[in-house]
**Student:** 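This is the structure, below, for whatever I ask next.
Proteins come first, then strands; the chains are lettered A, B, ... in the order of their sequence lines, and each starts at number 1.
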Amino acid sequence: MMILKSKSKYDLESTLYSGQCFLWNPILSDNLQAHEIVLGGTRFRVQQLSDKIDAIYPLNITQNQSLILQNHLRVDDDLGYIYQSIESDKYLLSSFKKFEGLHLLRQDPWECLVTFICSSNNNMKRIKLMLNKLINSFDNTHTDSLGEYKTFPTPDQIIEAGEEHLRSLGFGYRAKYIFETSRIILYENIDLLKLRSQNYDDNLEQLTMFPGVGDKVANCVMLFSLDNLNAFPVDVWINRVLREIYLNDSKNKIADSRLRSHFQSYFGEYSGYINHYLFHSRRND
DNA sequence: CAGGTC
DNA sequence: GCTGG
């Protein structure tokens with residue numbers, strides 16, 4: 001048990017299940033609500049403790065392990081500063097207030113890429129189901145003091161299993177996208193981690209080269225795993241809220257990528273953070 | 001119809 | 001155009 005230092009109030013529940021990551025699982029631990037994820041091959045459990053996060057597993061957490069967890073949870077983000085980075089309108093102000101402590105996560109780029117290739121034309125419940133099936137269909141079993149757990153399959157493993165394997169798990173047309181993307185990553189020896197913190201435009205160009213990755217999916221991967229906090233994914237929910245609150249436009253003739261670049265300029269360097277608050281607010285009303 | 005892409 | 005609710 002160890003309280004993680006965080007710069008701002010942390011709303012764990014909203015953060016973990018706000019639709020940016022599908023690999024966290026709610027766990028009942030000692031009759032308390034905890035949350036579990038595997039990061040870098042290690043199983044972690046955390047729970048909310050007032051405004052902070054309590055890391056409850058591993059039991060004797062090492063310095064390095066706590067860094068891995070803090071890095072994923074982005075505890076160093078200064079939300080107050082981000083809230084003030086934009087001249088707030090009524091909608092954003094109420095959103096900041098209602099979901100104070102909602103953070104972005106810093107995910108593994110490969111896991112994030114697969115996740116959002118799965119997200120196209122899909123709903124959150126089934127995305128979660130598909131990823132669970134994918135993880136459980138491989139034999140990446142590890143054991144710790146809590147028992148067995150599994151890690152995410154690598155591109156090599158997915159290629160070896162074949163496109164039909166993904167299809168049999170119910171991936172539909174996304175099976176081909178994930179299979180081909182795996183092949184490109186392996187054959188071109190691409191290290192997705194090298195894209196972290198790199199230039200937004202270069203990352204967008206790189207990522208949209210993968211089959212099944214368009215403007216929206218690429219922006220999700222950049223925002224949720226590559227530290228491009230100015231990335232701005234435009235999905236149906238964001239599209240709605242932009243039309244309803246920021247444009248007096250009932251129809252939608254504007255292409256998503258044009259909406260995206262316009263509001264990136266409007267919201268500034270943390271537009272991705274703003275995006276996530278808008279998304280979360282619009283979905284929860 | 002569901003957090004699009006080719 | 002894949003597939004589940």
Side-chain angles (χ1 to χ4, degrees), chain A residues 14-24 95 99 102-105 107 109 111-134 136-137 158 161-185 203-226 228 231-246 252-261 263-264 267 271-285:
Chain A
S14 293
T15 298
L16 304 188
Y17 307 112
S18 54
Q20 55 175 320
C21 181
F22 295 84
L23 301 176
W24 278 94
S95 175
F99 301 110
L102 170 65
H103 281 66
L104 287 175
L105 294 169
Q107 299 179 54
E111 296 175 1
C112 193
L113 179 60
V114 173
T115 295
F116 285 94
I117 289 178
C118 290
S119 77
S120 78
N121 220 317
N122 210 345
N123 58 67
M124 307 221 312
K125 194 172 164 189
R126 187 155 83 108
I127 296 168
K128 172 77 179 155
L129 185 72
M130 286 162 65
L131 292 173
N132 281 341
K133 282 188 185 175
L134 180 66
N136 287 322
S137 72
I158 287 179
E163 182 182 329
E164 276 310 310
H165 173 67
L166 296 173
R167 224 163 254 284
S168 74
L169 295 176
F171 278 65
Y173 64 87
R174 304 169 198 86
K176 191 187 191 100
Y177 294 156
I178 291 171
F179 180 74
E180 293 299 335
T181 294
S182 301
R183 295 204 337 170
I184 293 172
I185 287 175
N203 281 349
L204 181 63
E205 192 180 340
Q206 270 279 318
L207 290 171
T208 48
M209 285 175 58
F210 294 120
V213 180
D215 197 272
K216 192 270 176 182
V217 170
N219 274 270
C220 285
V221 175
M222 286 191 281
L223 182 58
F224 301 142
S225 74
L226 297 177
N228 291 127
F232 197 88
V234 176
D235 54 55
V236 290
W237 295 100
I238 290 294
N239 204 314
R240 274 174 208 155
V241 75
L242 294 180
R243 283 205 325 266
E244 292 166 359
I245 310 293
Y246 297 94
N252 177 28
K253 286 186 173 180
I254 313 165
D256 286 348
S257 60
R258 272 202 62 191
L259 272 182
R260 192 253 302 155
S261 58
F263 282 97
Q264 282 177 311
F267 289 123
S271 47
Y273 240 108
I274 310 288
N275 178 294
H276 199 55
Y277 276 84
L278 292 175
F279 175 75
H280 202 245
S281 298
R282 186 60 183 81
R283 283 196 77 245
N284 289 67
D285 64 90

**Student:** Please name all residues satisfying side-chain contact (heavy atoms from CB on, under 4.5 Å) with A:Ile184, sequence neighbours left out, ordered by chain then number.
**Tutor:**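 Only A:Glu188, A:Ile190, A:Phe210, A:Pro211 meet the side-chain contact (heavy atoms from CB on, under 4.5 Å) criterion with A:Ile184.
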
**Student:** Under 4.0 Å from any atom of DNA chain B, heavy atoms only: list the residues of residues 124-133 of chain A that qualify, in numerical order.
**Tutor:**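 Residues of residues 124-133 of chain A that come under 4.0 Å of DNA chain B are, in numerical order, A:Met124.
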
**Student:** Of the nucleotides B:dA2, B:dT5, B:dG3, which one has an atom closest to the side chain of A:Asn121?
**Tutor:**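 Looking only at heavy atoms from C-beta outward on A:Asn121, the closest nucleotide is B:dA2.
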
**Student:** Between A:Pro211 and A:Trp237, which is nearer to the 5' end of DNA chain B once each is assigned its nearest nucleotide?
**Tutor:**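 First, find each residue's nearest nucleotide; the 5'-ward one identifies A:Trp237.
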
**Student:** Between A:Phe22 (CZ) and B:dA2 (P), how many Å, whole number?
**Tutor:**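 A:Phe22 atom CZ is separated from B:dA2 atom P by 15 Å.
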
**Student:** May I ask you to decide whether A:Lys216 forms a salt bridge with A:Asp256, counting only side-chain N to carboxylate O separations under 4.0 Å?
**Tutor:**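 A salt bridge is absent here (no side-chain N lies under 4.0 Å from a carboxylate O).
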
**Student:** Parallel, tilted or perpendicular: which fits the ring planes of A:Phe263 and A:Phe232, with parallel below 30° and perpendicular above 60°?
**Tutor:**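 Ring orientation, 0 to 90° scale: parallel.
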
**Student:** Counting a pair only when it is Watson-Crick or G-U and both distances are under 3.5 Å, which runs of at least 3 such pairs involve DNA chain C?
**Tutor:**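 Stems found: none.
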
**Student:** I'd like to check the side-chain contact (heavy atoms from CB on, under 4.5 Å) partners of A:Arg283; sequence neighbours left out, ordered by chain and number.
**Tutor:**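 If we apply the side-chain contact (heavy atoms from CB on, under 4.5 Å) test to A:Arg283, skipping adjacent residues, the hits are A:Met124, A:Trp237, A:Phe279.
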
**Student:** Using a cut-off of strictly less than 4.0 Å between a heavy atom of the residue and any atom of DNA chain C, enumerate the qualifying residues of residues 173-185 of chain A by number.
**Tutor:**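 When residues 173-185 of chain A is checked for heavy atoms under 4.0 Å from DNA chain C, the hits, listed by number, are A:Tyr173, A:Arg174.
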
**Student:** Would you check if the distance from the ring center of A:Phe267 to the ring center of A:Tyr246 is below 6.0 Å?
**Tutor:**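 When the ring centroids of A:Phe267 and A:Tyr246 are compared, they turn out to be within the sub-6.0 Å range.
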
**Student:** Sequence neighbours excluded, which residues qualify as side chain to side chain donor-acceptor pair (under 3.5 Å) partners of A:Arg240?
**Tutor:**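 Per chain and number, A:Arg240 pairs via side chain to side chain donor-acceptor pair (under 3.5 Å) with no residue.
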
